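The structure appears right after this line, and notes come after that.
Predicted model, so just to flag it, every value in this text is computed and none were measured. Per chain, numbering begins at 1; letters A, B, ... match sequence-line order.
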Number of protein chains: 2
Amino acid sequence: MQRIANLLVVKDGHVLLLKKPRRGWYVAPGGKMDAGESVYTAAVREFTEETGAKPVNPHVKGIYTMVIMDEAGENVKDEWMLYTFVAHDLAGTPWTTTTEGELEWHPIESLQTLPMAEGDRTNLLFAVSQNGMQYGTFFYTEQFKLLREEIQNSVGGDRQ
Amino acid sequence: MQRIANLLVVKDGHVLLLKKPRRGWYVAPGGKMDAGESVYTAAVREFTEETGAKPVNPHVKGIYTMVIMDEAGENVKDEWMLYTFVAHDLAGTPWTTTTEGELEWHPIESLQTLPMAEGDRTNLLFAVSQNGMQYGTFFYTEQFKLLREEIQNSVGGDRQ
């Protein structure tokens, strides 16, 4: 089962997004966890490898189960886990062009309209604008059309 | 890859633990995620199935990569994910005896001394006594002797 960690940097009202060449869709920098890595270590490593900059004080904001169905939405083809982190500062200056695509700063509000997978929109908007944690399952087709999402949130959990 | 969610209820200075019959080790109630479940849904379902009570406002406190090695600590035999939740109240009265073992309330401090897997001690103590999130990798033998742990913590992440 694949495990993917991504990380959204939010700074001065802008977010750092990677524009992927294939569809022109935007994503938060990230990638596959290595064997034996923690989700935190993977998110930091992947972000740094993809941007050339280092996130400051990253914190997880979402844990998602990703279910990939056939185009008819009837049969499950794959299932994997997504861990979304946020950081409010970064050390170093991110590259603008990488082998993965173009790195661009966009106003936070543009997360509502930029082309991206609809489940990514849900989780990136949560990461930048809501307190606490989000959990859920996204059901996608293999062409990354969102069929359905089931979302839960929580806040708190600290000692009282 | 297995995904396990467990949940520790902390109330009136006590934690609800399950004493497993095989070794007499204590665990937080929990179990395997079903296909397509979120980690949150799995933690609530497993806790409720194992205790007969329902956690109130559960919140994730830890995400751990579990690496199982052979007894010599040389070869990886398995790898799975553990998600640890905490809740500070519960609805209903938990059973005392279940098919999984005995459910017992213990003072929070007893987490430091009760017999349990050493990685569980790390993550349950964090869940009840520290703010923020914990991440990490636990390296165990197949007999659940802890070989090594690599831990990271984070706080914050909310919008500023």
Side-chain angles (χ1 to χ4, degrees), chain A residues 1-3 5 8 10-11 33-44 57-67 69 76 79-81 83-89 108 126-139 148-160, chain B residues 1-3 5 8 10-11 33-44 57-67 69 76 79-81 83-89 108 126-139 148-160:
Chain A
M1 175 173 290
Q2 265 188 41
R3 297 162 295 178
L8 186 64
V10 191
K11 194 176 178 182
M33 278 171 65
D34 289 340
E37 269 189 319
S38 76
V39 294
Y40 180 96
T41 306
V44 170
N57 295 331
H59 186 77
V60 71
K61 291 292 292 179
I63 307 173
Y64 304 99
T65 303
M66 311 295 281
V67 178
M69 318 273 299
V76 173
E79 181 167 335
W80 46 280
M81 297 300 296
Y83 308 93
T84 297
F85 286 72
V86 71
H88 291 275
D89 199 3
I108 290 174
F126 179 86
V128 297
S129 62
Q130 302 292 320
N131 291 335
M133 277 289 297
Q134 189 173 69
Y135 320 88
T137 303
F138 294 110
F139 298 84
R148 184 159 56 94
E149 61 182 39
E150 296 170 357
I151 299 291
Q152 305 94 39
N153 297 333
S154 75
V155 289
D158 286 338
R159 68 203 152 99
Q160 294 173 325
Chain B
M1 176 174 289
Q2 266 189 41
R3 298 162 295 178
L8 185 65
V10 191
K11 194 175 177 182
M33 278 172 65
D34 289 339
E37 268 189 320
S38 76
V39 294
Y40 180 96
T41 305
V44 171
N57 295 330
H59 186 78
V60 73
K61 291 292 292 178
I63 308 173
Y64 304 99
T65 303
M66 311 295 282
V67 178
M69 318 274 298
V76 174
E79 182 167 334
W80 47 280
M81 298 298 296
Y83 309 93
T84 297
F85 286 72
V86 71
H88 291 275
D89 199 2
I108 290 174
F126 180 86
V128 298
S129 62
Q130 301 292 319
N131 291 333
M133 276 290 296
Q134 189 174 68
Y135 321 87
T137 303
F138 294 109
F139 298 84
R148 185 160 55 97
E149 61 183 40
E150 297 170 357
I151 298 292
Q152 306 93 40
N153 297 331
S154 74
V155 289
D158 287 339
R159 67 200 152 99
Q160 294 173 326

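Heavy atoms closer than 4.5 Å to chain B are found nowhere in A/F138, neither backbone nor side chain. For B/A35, the parts sitting under 4.5 Å from any heavy atom of chain A are the backbone and the side chain alike. Proximity to chain B is limited to the side chain of A/M81, based on heavy atoms less than 4.5 angstrom apart. In this structure, chain B has a heavy atom under 4.5 Å from the side chain of A/F85, while its backbone stays farther away. Proximity to chain B (any heavy atom under 4.5 Å) is shown, for A/V60, by both the backbone and the side chain.
Proximity of a side-chain donor or acceptor of A/S38 to a complementary backbone N or O of B/Y135 within less than 3.5 Å is not detected. Judged purely by atom type and a 3.5 angstrom limit, A/T65 uses its side chain to pair as donor or acceptor with the backbone of B/E37.
Using bins of under 30°, 30° to 60° and over 60° for the plane-to-plane angle, the ring pair A/Y83/B/Y83 lands in the parallel bin.
Side-chain contact between B/T41 and A/E150 is absent, with no heavy atoms from C-beta onward closer than 4.5 Å. Taking the side chain as every heavy atom from C-beta outward, B/Q152 and A/V44 never approach each other to under 4.5 Å.
A/S154 and B/P58 get closest at one heavy-atom pair: CB-O, 3.2 Å.
Ranked by heavy-atom pairs shorter than 4.5 Å toward chain B, the options A/Y40, A/Y64, A/F139 are led by A/Y40.
When the salt bridge (charged side-chain N to carboxylate O under 4.0 Å, His left out) test is applied to A/E149, no partner is found at least two apart in sequence or on another chain.
Here B/R3 contributes atom CZ and A/E79 contributes atom CD; the two are 4.0 Å apart, rounded to the nearest 0.5 Å.
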